[in-house]
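By convention here, the first residue in the shown sequence is residue 1. Note that the structure is a prediction, hence the values are computed from the model and not measured.
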Amino acid sequence: METTSTPTHCPYCALQCGMNITPLPQGGVEVTERADFPVNRGALCGKGRTAPAVLASAVRLTSPLVRSGGRLVPASWEEALDLIAERLGTARERYGPDALGVFGGGGLTNEKAYTLGKFARVVLGTSQIDYNGRFCMSSAAAAGTKAFGLDRGLPFPLEDVPKTGCVILVGSNLAETMPPSLRFFSELRENGGTLIVVDPRRTRTAEQADLHLAPRPGTDLALALGLLHLVVAEGRTDEAYIQERTSGWEEARAAAMAHWPEYVERITGVSVPQLREAVRLFCEPESAMVLTARGPEQQAKGTDTVGAWINLCLATGRAGRPLSGYGCLTGQGNGQGGREHGQKADQLPGYRKLDDPAARRHVAEVWGVHPDSLPGPGRSAYELLDALGTDVRTLLLMGSNPVVSAPRAAHVEERLRSLDFLAVADVVLSETAELADVVLPVTQWAEETGTTTSLEGRVLLRRQAIAPPVGVRSDLEVLHGLAARLGVEKGFPTDPEEVFEELRLASAGGPADYSGITYRRLAEENGVFWPCPARPAGPGEGEAGSDSDSRTDTDSRTAPGADDGEDARLDALPEDPAGDAEAPEAEAAEAGPASPAALPDVHPGTPRLFLDRFATEDGRARFVPVTHRASAEEPDAEYPLLLTTGRVVSQYQSGAQTRRVAELNAAAPGPFVELHPRLAARLGAAEGDPLAVVSRRGRAVAPARITTAIRPDTVFMPFHWPGEGRANTLTNPALDPTSRMPEFKACAVRVEPVRP
């Protein structure tokens with residue numbers, strides 16, 4: 001029997017590597033390389049290669065579970081959905097709509113994230129919705145919006161990286177978190193460019209660098225300001241660029257000049273000669289980039305920290321120019337799309353602001369409701385979790401595992417246990433699902449079709465390759481069933497393409513405009529970069545390098561009134577000029593990739609932002625003056641060390657899925673405490689000895705891993721595991737005042753040997 005391969009994308013990180021899935025005659029599927037996708041060019045990491053293991057029925061949920069007599073027992077779908085609807089309805093009637101919480105995930109497809117946000121606001125009427133992406137990219141998003149008027153993780157494709165002159169990579173260990181991307185940085189060096197890595201640890205990524213700067217955790221802000229001070233002192237600013245394309249320079253310059261090199265050396269531990277060398281490497285080439293990840297972002301001053309790195313780019317003319325700019329390396333598979341379409345506490349689809357009257361009118365018309373019926377902004381992710389069991393009495397959670405991934409995790413677990421009712425929809429029985437009153441088994445990547453948006457801002461089509469096991473339903477079916485039971489019969493379709501068509505209209509005219517994107521285009525073009533309006537590009541628009549369509553204009557497209565009905569709303573978008581939008585995917589695949597030139601009547605998308613202007617009202621980028629301040633929790637006599645956390649190559653996020661893959665567990669079987677030999681000697685600890693790491697929030701125990709790759713004043717723990725080795729038992733929930741990002745990356749701890 002002939003088998004057919006389906007081109008799709010990896011379920012894990014934001015690279016969204018291309019892969020082919022082929023069903024095997026004996027059951028299961030095989031993943032093979034897909035060389036035509038430009039991001040990974042056929043390369044796959046161990047997680048992507050072993051992703052089919054989680055599809056097996058033996059490791060995943062295949063039946064709804066309902067708590068009875070203290071245990072989770074199998075139940076029918078009707079019983080499970082009826083119970084959830086009854087408990088949500090009762091809580092709303094008794095306590096009001098804001099007693100109902102909704103918590104989403106950065107791994108949900110755009111269609112799911114969109115529908116979840118709509119469900120919370122239209123069906124439940126609650127403002128209490130956020131998602132775990134708040135813990136990942138929110139500080140970079142806030143800083144990028146302040147400076148550029150728009151947040152898209154990377155404003156250019158990864159293929160630009162090898163062509164630039166220098167990259168400063170801040171707080172990213174991409175050799176382990178997204179290994180296929182490392183080739184772009186290797187090619188950068190092969191082409192004569194230089195790589196500077198900023199990380200307290202000498203990671204596998206730092207080993208590839210021309211210059212490794214190892215600052216004390218929590219001091220990235222001072223480091224960036226010190227580099228900008230030297231740029232000014234050495235006369236390396238681009239005065240013409242500053243004058244023509246920016247505003248606010250004098251205030252930002254004055255703030256940076258208070259951070260002279262010797263002062264910064266005392267704060268960060270990075271020597272003055274290293275600071276000067278970094279400035280030379282960054283400023284001498286014609287082009288350069290700064291890329292940040294969770295290191296500088298997961299801090300209580302993360303927005304200011306990212307802002308300082310952006311200021312460095314602006315002062316040297318390294319933004320909005322070819323092969324230059326600031327970018328954020330988004331982490332979760334759909335972390336970018338997940339924050340664009342409404343599952344975030346303060347946002348509506350299209351990256352619109354929930355408190356913007358024009359945005360509310362636009363989306364309300366698409367949804368067929370009155371703008372005043374939409375609730376206002378709610379709590380951010382940690383604040384929502386902290387309110388469980390008190391203000392928020394019930395929670396619907398999809399695609400997240402905060403028992404392992406949230407800061408101050410023991411407290412979050414306690415709050416989850418205190419709820420009147422918890423319902424979880426997930427692929428596996430995660431540590432959070434184990435606490436639920438109802439658990440719903442849902443489809444995963446290979447069993448469903450939907451779109452994701454990669455770290456480049458490239459919207460991609462994941463295709464269904466196999467049928468899900470009997471007893472498993474999609475998240476869209478879950479929300480459809482709950483909406484109907486709660487009295488909303490229409491507006492929650494189960495077909496992902498139908499959802500995407502509505503998403504196109506809801507996003508039209510917004511900062512993240514998807515209205516010109518269709519499933520057919522995604523199949524033919526290997527993805528489309530947003531913004532992509534539903535109209536042809538005018539003169540000078542839409543060319544590679546143009547950002548003419550990235551401006552925010554919530555009134556630029558008016559949706560028809562609710563009376564027009566669903567068909568009229570969808571028909572308001574132009575007919576897909578490439579052909580019948582309902583054409584089978586197989587036909588689209590046979591047609592082969594199409595270039596924008598082959599589709600003359602559609603907008604080609606925007607691979608490169610800001611080359612003409614920034615997405616601000618006056619088209620100028622904004623300097624934001626910032627100054628160094630200490631971490632929320634500094635070491636003292638009782639807690640003399642700093643803890644920082646991160647990932648390892650063979651596990652992903654909370655590990656809920658990867659910990660069920662034998663090959664990955666063999667490579668990374670459990671947590672560890674990484675520490676310097678001098679600290680180990682002081683503790684009398686040998687390799688593999690159990691160590692207790694203690695913070696003001698709790699205690700975690702894991703074996704010692706002794707290495708000179710870490711600073712003597714710092715210890716590191718990966719955060720993928722539950723139980724006594726749970727790193728997030730220790731982490732600090734102190735929040736950034738702008739992004740509401742918790743301070744995962746720096747907290748005060750002590751380390752103690754665990755005696756027999």
Legend entry - Carboxylate-amine/guanidinium contact E207 R204, below 4.0 Å: no
> Quick check: are there more than 12 heavy atoms from other residues, nucleotides or ligands sitting under 6.0 Å from CZ of R415?
Replying inline: yes
side-chain contact (heavy atoms from CB on, under 4.5 Å) with K146: of T303, V306, D151, only one passes, and it is T303
- [ ] Give the C-alpha distance, both sets of side-chain angles, the deciding distance and a yes or no for salt bridge (charged side-chain N to carboxylate O under 4.0 Å, His left out) between E176 and R647.
- [x] CA-CA 7 Å; E176 298 202 51; R647 289 167 47 189; over 6 Å; no
If we ignore angles and hydrogens, is there a donor and acceptor under 3.5 Å between the side chains of T729 and R726? yes
* Asked: Will you find, in the side chains of D130 and S380, an N or O donor that is under 3.5 Å from an N or O acceptor?
  -> no
NZ/NE/NH1/NH2 to OD/OE distance under 4.0 Å, R417 and E413: yes
Exercise. Is any side-chain N of the basic residue among D304 and R629 closer than 4.0 Å to the acidic one's carboxylate O?
Worked result: yes
Rounded to the nearest 0.5 angstrom, the OH-OG distance for Y639 and S695 is 7.0 Å
- Message: Under 3.5 Å, is there a donor on one side chain and an acceptor on the other for T452 and Q16?
- Response: yes
### Aromatic contact, Y131 with F103 (centres under 6.0 Å)
no
Pair T658-Q651, side-chain donor/acceptor within less than 3.5 Å | yes
Lys/Arg N to Asp/Glu carboxylate O, R276 vs E234, below 4.0 Å:
yes
Correct closest heavy-atom pair for R711 and P200 would be CG-O, 3.6 Å
Q. Cationic tip of R318 within the cone over F282's six-membered ring, i.e. under 6.0 Å and within 45° of the normal?
A. yes
Closest non-hydrogen atoms of T714 and P217, given as atom of the first, atom of the second and distance, are OG1-CD, 3.4 Å
query: Within a strict 4.5 Å, meaning less than it, do heavy atoms of the L221 and V626 side chains meet?
result: yes
The reported gap from CG in L679 to CD1 in I706 (rounded to nearest 0.5 angstrom) is 9.0 Å
By ring-ring contact (aromatic ring centres under 6.0 Å, His included), Y382 pairs with (sequence neighbours left out) none
Steps toward side chain to side chain contact (heavy atoms under 4.5 Å, CB included) verdict (L312, Y326):
CA-CA 9 Å; L312 179 66; Y326 162 77; over 6 Å; no
Stepwise salt bridge (charged side-chain N to carboxylate O under 4.0 Å, His left out) test for R750 and E752:
CA-CA 7 Å; R750 66 174 180 267; E752 304 166 341; 2.6 Å; yes
- Below 4.0 angstrom, N of the basic side chain to O of the carboxylate: do R41 and E33 qualify? no
dist D426:CG -> Q657:CD (nearest 0.5 Å) comes out at 7.0 Å
Of M741, E743, R740, the one forming a side-chain contact (heavy atoms from CB on, under 4.5 Å) with L735 is R740
State whether E633 and R697 are salt-bridged, where the test is any N-O pair (Lys NZ or Arg NE/NH1/NH2 against Asp/Glu carboxylate O) under 4.0 Å.
yes
When rounded to the nearest 0.5 Å, the distance separating NE2 of H9 from SG of C17 is 9.5 Å
Here the gap from L385 atom CG to R134 atom CZ, rounded to the nearest 0.5 Å, amounts to 11.5 Å
Requested in this report: Output, in order, the C-alpha distance, side-chain angles, deciding distance and verdict of side-chain hydrogen bond (donor to acceptor under 3.5 Å, both in side chains) for T205 and N173.
Outcome: CA-CA 5 Å; T205 307; N173 182 16; 2.7 Å; yes
One should read off an interatomic distance between C136 SG and F744 CZ, to the nearest 0.5 angstrom, of 8.0 Å
Fill in: Pair D736 + K301, salt bridge at N-O below 4.0 Å
no
Residue pairs meeting ring-ring contact (aromatic ring centres under 6.0 Å, His included), one or both in residues 694-735, sequence neighbours left out, come to none
- Message: Could you tell me if the side chain of R152 sits less than 4.5 Å from the side chain of E456, heavy atoms only?
- Response: no
